[in-house]
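First the proteins, then the strands, lettered A, B, ... as listed; each starts at 1.
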Amino acid sequence: MGSTRTTGVPTKLTQGSQTKGGIGESTLRPDGTLKVTGEFAYSSDMWHEDMLWGQTLRSTVAHAEIVSIDTSEALAQAGVYAVLTYDDLPAAMKNYGLEIQDTPVLAHKKVRHHGEPVALVAADHPETARRAAAKIKIEYRELPLVTDEASATAPDAVLVHEGRDDEHSRHVPHPNIVHRQPIIRGDAAEAAKKADVIVKGEYTFGMQDQAFLGPESGLAVPAEDGGVDLYVATQWLHSDLEQIAPVLGLPEEKVRMTLSGVGGAFGGREDISMQIHACLLALRTGKPVKIVYNRFESFFGHVHRHPAKLYYEHGATKDGKLTHMKCRIVLDGGAYASASPAVVGNASSLSVGPYVVENVDIEAIALYTNNPPCGAMRGFGAVQACFAYEAQMDKLAAKLGMDPVEFRQLNAMEQGTLLPTGQVVDSPAPVAEILRRVKARPLPPERQWESSEGADVRQLPGGLSNTTHGEGVVRGVGYAVGIKNVGFSEGFDDYSTAKVRMEVINGEPVATVHTAMAEVGQGGVTVHAQIARTELGVTQVTIHPADTQVGSAGSSSASRQTYVTGGAVKNSCELVREKVLEIGRRKFGTYHPAWATAELLLEGGKVVTDGGEVLGDLVDVLEGESVEVEAEWRHRPTEPFDLRTGQGNGHVQYSFAAHRAVVEVDTELGLVKVIELACAQDVGKALNPLSVLGQIQGGTTQGLGVAVMEEIIVDPKTAKVKNPSFTDYLIPTILDTPTIPVDVLELADEHAPYGLRGIGEAPTLSSTPAVLAAIRNATGLELNRTPVRPEHLTGT
Amino acid sequence: MRVNFTVNGRQQEADDVWEGESLLYVLRERMGLPGSKNACEQGECGSCTVRLDGVPVCSCLVAAGQVEGREVTTVEGLADYARQREEHGGCASGACGTSLQEAQQWRANPAKGATDSQTGEVGGGNPAAALSPIQQAFIDAGAVQCGFCTPGLLIAADEMLERNPQPTDADIREALSGNLCRCTGYEKILDAVRLAAARQDRQGLQEGAV
């Protein structure tokens with residue numbers, strides 16, 4: 001519905017503008033047909049003759065010593081081929097982890113969270129495996145729980161991990177703090193004295209689940225060379241490989257990974273889930289082993305978004321200029337580190353939001369607790385901060401008697417602004433403009449549910465539950481804007497690899513693109529084919545399945561794949577193009593002087609001069625030849641943040657989105673209906689406009705979810721998860737999701753391929769605080785936590 | 001136990017079925033039809049939606065034994081189902097079924113095999129011709145991202161359009177409210193159903209004019 005697109009600075013295109021299906025067109029997904037016919041092979045669809053089913057036995061308590069494990073009864077079951085515990089691990093390396101190798105493949109002596117894997121079973125039927133796992137007897141001796149900052153940092157606190165020697169252990173103030181990042185710039189204390197108004201707030205962000213629909217699953221097939229072939233759904237094949245091979249005691253070349261169909265990811269597949277377990281069972285039994293989590297197990301099988309406590313203070317002058325910001329962000333990382341250090345880096349460096357604040361005093365920490373492990377989820381630390389600083393902006397505007405959008409625009413960052421880290425924002429930052437656009441959009445009509453036949457309850461809070469016909473329903477409007485970094489930050493070597501081949505097949509020039517990029521639904525495969533068409537002037541592009549037979553593509557996360565692997569594909573295509581032109585010069589250079597003198601392009605299957613003269617057909621140039629290049633590509637390097645001051649050029653690029661939410665609230669029952677959630681976002685260059693809209697609308701909806709319904713509830717007394725199901729953990733249905741009109745800006749970032757901007761995460765940031773602001777606007781309540789539940793609105 | 005039932009017009013027999021197995025498990029693991037998806041296996045997400053004697057059901061909540069002698073349509077058979085409905089003038093009751101002759105002519109989508117299993121980039125034949133209108137509309141409207149919810153949504157949307165060829169947005173939302181999607185924010189799914197309805201409408205007008 002109603003989507004618009006505005007192009008600002010035109011992106012320079014010298015190559016391929018004439019080739020159909022290139023960048024900038026809404027070409028359709030190459031995997032679309034297989035996905036609508038049910039033939040696309042997802043990781044849970046893998047099947048092998050003679051395969052066994054793996055089952056994981058998980059801890060029923062959150063923190064305990066393992067006194068004993070008795071597997072004898074399970075092993076004696078008919079149909080059971082293997083039962084494995086820690087004692088069966090084959091290599092000296094027993095742990096894995098994204099940043100800190102603190103996560104045991106199977107629990108050793110103790111468990112640190114509810115649902116931690118303790119034992120594995122392989123059997124000839126999944127139910128046999130489940131029943132056998134239930135017969136494993138484990139005796140636990142429960143330990144005191146660490147569940148929040150107070151219990152984690154108390155003088156006599158139990159240590160979640162004893163004897164830490166990771167790189168962060170040296171600078172953290174307590175061993176139950178995974179990582180701490182302060183950022184100091186200017187003098188916040190002094191600036192506070194000049195503020196006419198000061199606003200303080202304490203905010204709570206609930207634990208959100210990625211809730212990708214395709215469960216963790218895959219198939220491990222033992223190979224004759226003693227290695228294993230693994231078919232899985234993941235976000236980063238090579239990162240998995242680095243963690244899997246050592247605990248199997250195998251060299252990396254003996255663990256051959258192929259990406260299977262991925263049923264969504266959203267950060268939840270950055271960490272290892274069943275990969276190692278399936279390989280262990282396959283290598284032990286000598287048979288292919290398939291593991292498929294059900295939804296209950298999936299809630300324990302991956303990390304979640306960090307729940308957070310955020311303490312903020314802002315000051316402003318009476319004419320509405322921000323004077324300073326102090327904040328403390330406490331993220332609960334749960335029992336294992338996962339991506340917590342990087343989440344801390346994002347939360348701290350983006351804690352000011354897209355605003356100019358010269359005096360800041362920032363601290364972000366992630367805790368080790370006995371709660372479920374938390375790590376990557378779409379928005380990655382920036383989401384929690386955005387929820388808090390946007391609430392602060394509304395409070396400040398109210399206190400100053402200013403319009404909340406105008407107040408934001410007055411303080412909005414722009415190109416050239418210094419971040420709290422001292423880094424210059426060196427590409428367009430149209431923060432004020434995207435706010436203007438969402439505000440300028442006409443509001444949806446009031447009381448849309450009314451008709452001559454009475455109220456259409458489907459359009460009211462409570463929906464078909466028929467809880468109101470409009471009585472007690474009030475409307476509210478709220479705004480928010482956010483900033484997300486694109487790509488891996490803080491000095492990480494964030495590269496990707498692309499192998500591109502060009503040859504003639506059946507009388508037609510064909511390009512083949514081979515990367516290890518995880519297609520998780522975002523449409524990277526679509527975009528890679530578009531880039532190859534644009535750069536090589538061909539129509540036919542084959543996307544080779546992603547596997548570890550080509551170099552790393554890095555992760556499908558951090559809004560980075562179109563930038564980085566797209567950049568790698570572009571780069572390899574350019575290298576291929578040069579080789580193709582060399583062949584052309586060698587074969588045909590004597591026939592036309594332009595081969596030597598003109599700038600040559602590949603367009604529409606032909607070699608043409610930049611003046612448009614056709615020099616030859618690619619089929620003739622490539623006759624009897626094939627050209628192949630595999631090359632790595634990197635974006636500009638970044639630097640780590642200083643551990644005491646937080647200064648450093650830590651980020652690559654930024655992504656900005658703004659939302660306006662319109663809600664209707666049944667104040668008697670505390671039910672919320674979001675009527676419209678309009679978004680404006682700068683995407684730099686829309687390589688595939690249809691996919692851009694899909695990313696923005698999907699990200700917006702995940703933000704809506706954590707505003708009004710999504711939260712993993714952990715019992716503070718037991719640290720156990722109370723709602724691991726889609727019955728009790730609710731994600732938005734089509735009835736909960738409003739119309740999402742989108743306004744797309746294309747202001748080129750000159751540092752990025754085609755001027756593009758990573759887009760996947762930004763809409764998830766501002767969606768949540770916009771909905772909260774609208775509910776506050778409707779009800780007049782303060783609402784310092786998300787998600788908002790009915791009891792928060794009715795005070796019951 | 002043994003279960004005999006019709007799947008996508010073809011008589012099938014599943015042996016050694018454990019009594020606790022769901023229809024979803026039998027389809028996916030015993031019939032080689034993994035198109036129906038296993039996102040929650042508790043009847044909340046709709047990804048396993050199939051038609052059982054024409055009625056949309058969550059196949060994860062149907063015990064395999066319950067389908068004895070009955071007729072099941074999965075996403076793998078949706079294109080054929082839609083084609084037959086068009087040829088035979090609709091079958092809202094699901095009773096249009098499949099004649100023995102038609103069942104014998106059933107074969108898997110020829111687009112398979114020749115197509116790259118990951119991307120489908122180099123397709124065999126003309127896969128577009130083998131799709132039902134709702135399947136084509138999902139591709140054209142950008143309603144497919146990861147695609148895991150897609151098979152269930154296609155079955156549900158096709159069934160709604162069979163009952164209600166000119167749905168309002170509220171009708172579409174109500175009919176698809178049992179199918180979760182985590183990628184799209186549903187906007188493109190709404191577009192796809194509107195598109196399929198519009199194309200169906202236009203085609204009907206053209207046929208009426210002949």
Asks: Where is the tightest heavy-atom contact between A:Ile696 and A:Thr700, given as atom of each residue plus distance?
Replies: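 Residues A:Ile696 and A:Thr700, closest heavy atoms: O-OG1, 2.6 Å.
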Asks: Top residue by heavy-atom pair count (under 4.5 Å) with chain B, among A:Ala265, A:Pro126, A:Ser26?
Replies: A:Pro126
Asks: Under 4.0 Å between a Lys/Arg side-chain N and an Asp/Glu carboxylate O for B:Asp169 and B:Arg194?
Replies: yes
Asks: For A:Arg295, is there an ion pair with B:Glu44 - N to carboxylate O distance below 4.0 angstrom?
Replies: no
Asks: Counting only heavy atoms closer than 4.5 Å, note whether A:Phe726 contacts chain B via side chain, backbone, both or neither.
Replies: both
Asks: Within the 4.5 Å heavy-atom criterion, are A:Val520 and B:Cys146 side-chain neighbours or not?
Replies: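 Sidechains of B:Cys146 and A:Val520: no contact.
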Asks: Report, by ascending residue number, the residues of residues 56-67 of chain B in heavy-atom contact with chain A at a distance under 4.5 Å; give 'none' if the set is empty.
Replies: none
Asks: With a 4.5 Å heavy-atom cut-off (strictly below), which parts of residues 22-29 of chain B touch chain A? List them by number.
Replies: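 Result: B:Tyr25, B:Arg28, B:Glu29.
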Asks: Pick one of side chain, backbone, both or neither for B:Glu41, based on which atoms fall under 4.5 Å of a heavy atom in chain A.
Replies: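 Looking at B:Glu41, just its side chain touches chain A.
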Asks: Between B:Gln42 and chain A, with a heavy-atom cut-off of 4.5 Å, which part of the residue counts as in contact: side chain, backbone, both or neither?
Replies: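 Answer is side chain: those atoms of B:Gln42 sit under 4.5 Å from chain A.
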Asks: How close do B:Asp158 and B:Arg51 get, counting heavy atoms only, and between which atoms?
Replies: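 Between these two residues, the closest heavy atoms are OD2-NH1, 3.8 Å.
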Asks: Examine whether an atom of B:Ala143 lies under 4.5 Å from a heavy atom of chain A, and if so say whether it belongs to the side chain, the backbone or both; otherwise answer neither.
Replies: neither
Asks: Which heavy atom of A:Ser44 sits nearest to which heavy atom of A:Ser217, and what is that distance?
Replies: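 Nearest pair, atom of A:Ser44 first, then A:Ser217: N-OG, 3.1 Å.
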Asks: Output, in order, the C-alpha distance, side-chain angles, deciding distance and verdict of side chain to side chain donor-acceptor pair (under 3.5 Å) for A:Thr27 and A:Glu25.
Replies: CA-CA 6 Å; A:Thr27 59; A:Glu25 287 184 35; over 6 Å; no
Asks: Please flag which part of A:Ile731 lies under 4.5 Å from any non-hydrogen atom of chain B: side chain, backbone, both or neither.
Replies: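 Both backbone and side chain of A:Ile731 come within 4.5 Å of chain B.
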Asks: Have A:Ser43 and A:Ser260 got a donor and an acceptor in their side chains that come within less than 3.5 Å?
Replies: no
Asks: Check each atom of B:Asn179 against the heavy atoms of chain A and say whether the ones under 4.5 Å are side chain, backbone, both or neither.
Replies: neither
Asks: Which atoms of B:Asp171 are under 4.5 Å from chain A, going by heavy atoms: the side chain, the backbone, both sets, or neither?
Replies: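 When you check distances to chain A, atoms from both the backbone and side chain of B:Asp171 fall under 4.5 Å.
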Asks: Heavy-atom distance under 4.5 Å to chain A: side chain of B:Ala79, backbone, both or neither?
Replies: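 For B:Ala79, no heavy atom lies under 4.5 Å from chain A.
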Asks: Ring centres under 6.0 Å, that's the criterion: do A:Phe212 and A:His302 meet it?
Replies: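 Yes, the ring of A:Phe212 comes within the 6.0 Å limit of the ring of A:His302, centre to centre.
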Asks: Does B:Gln166 have more than 12 heavy atoms from other residues, nucleotides or ligands lying within 6.0 Å of its CD?
Replies: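 Incorrect, the count does not exceed 12.
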Asks: Could you tell me which of B:Cys183, B:Gly142, B:Pro151 has the largest number of non-hydrogen atom pairs under 4.5 Å with chain A?
Replies: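 With the most close heavy-atom pairs to chain A, the winner is B:Cys183.
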Asks: Please look at B:Leu154 and chain A and tell me whether the side chain, the backbone, both or neither of the residue comes under 4.5 angstrom of a heavy atom of that chain.
Replies: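 Looking at B:Leu154, just its side chain touches chain A.
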Asks: Between B:Val7 and B:Met31, is a side-chain contact (heavy atoms from CB on, under 4.5 Å) present by the stated rule, with each step listed?
Replies: CA-CA 9 Å; B:Val7 184; B:Met31 308 263 112; 4.2 Å; yes
Asks: Strictly below 4.0 Å, N to O, side chains only: are A:Glu297 and A:Arg130 in salt-bridge contact?
Replies: no
Asks: If the threshold is 4.0 Å, N to carboxylate O, is there a salt bridge linking B:Glu76 and B:Arg10?
Replies: no
Asks: Counting heavy-atom pairs closer than 4.5 Å to chain A, which one of B:Gln145, B:Glu21, B:Glu174 comes out on top?
Replies: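 Maximum pair count with chain A is reached by B:Gln145.
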Asks: To check you understand the geometry: which heavy-atom pair defines the closest contact between B:Leu180 and A:Leu213, and what is its length?
Replies: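 So the minimum-distance heavy-atom pair works out to O-CD1, 3.1 Å.
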Asks: Which heavy atom of A:Ala129 sits nearest a heavy atom of A:Trp53, and at what distance?
Replies: CB-O, 3.8 Å
Asks: Are any of the side-chain heavy atoms of A:Phe266 and A:Gln235 separated by less than 4.5 Å?
Replies: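 A:Phe266 vs A:Gln235: side chains apart.
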Asks: Is chain B contacted by the side chain of A:Leu464, its backbone, both, or neither, given a heavy-atom distance below 4.5 Å?
Replies: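 Side chain of A:Leu464 only, per the 4.5 Å heavy-atom cut-off to chain B.
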Asks: Apply side-chain contact (heavy atoms from CB on, under 4.5 Å) to residues B:Ile139 and A:Arg29 and explain how you reach the verdict.
Replies: CA-CA 7 Å; B:Ile139 296 175; A:Arg29 299 186 65 94; over 6 Å; no
Asks: Looking only at side chains, do A:Glu216 and A:Ser298 share a donor and an acceptor under 3.5 Å apart?
Replies: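 Side-chain D/A pair, A:Glu216 to A:Ser298: present.
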Asks: Chain B: which of A:Leu690, A:Asp45, A:Thr701 shares the most heavy-atom pairs with it under 4.5 Å?
Replies: A:Asp45
Asks: What residue in B:Ile134, B:Ile189, B:Leu190, B:Asp140 has the most heavy-atom pairs under 4.5 Å with chain A?
Replies: B:Asp140
Asks: Can you say whether A:Asp736 sits under 4.5 Å from chain B via the side chain, the backbone, both, or neither, judging by heavy atoms?
Replies: neither
Asks: Of the listed residues (B:Pro34, B:Gly35, B:Gly20), which shares the most heavy-atom pairs with chain A below a 4.5 Å separation?
Replies: B:Pro34
Asks: What are the two closest non-hydrogen atoms of A:Thr234 and A:Ala518, and how far apart are they?
Replies: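 Where A:Thr234 meets A:Ala518 most closely, the heavy atoms are O-CB, 3.2 Å.
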Asks: Relative to chain A, which segment of B:Thr150 carries a heavy atom at a distance below 4.5 Å: side chain, backbone, both, or neither?
Replies: side chain
Asks: Heavy-atom pairs under 4.5 Å with chain A are the metric here; pick the option from B:Ser36, B:Ala170, B:Gly43, B:Cys181 that has the most.
Replies: B:Ala170
Asks: Answer yes or no: is there a side-chain heavy-atom contact under 4.5 Å between A:Glu503 and A:Thr512?
Replies: yes
Asks: With a 4.5 Å cut-off on heavy-atom pairs, point out which of A:Gln695, A:His125, A:Gln702, A:Arg458 contacts chain B the most.
Replies: A:Arg458
Asks: Does any heavy atom of chain B fall under 4.5 Å from the side chain of A:Phe296, the backbone, both, or neither of them?
Replies: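 A:Phe296 has no heavy atom closer than 4.5 Å to chain B.
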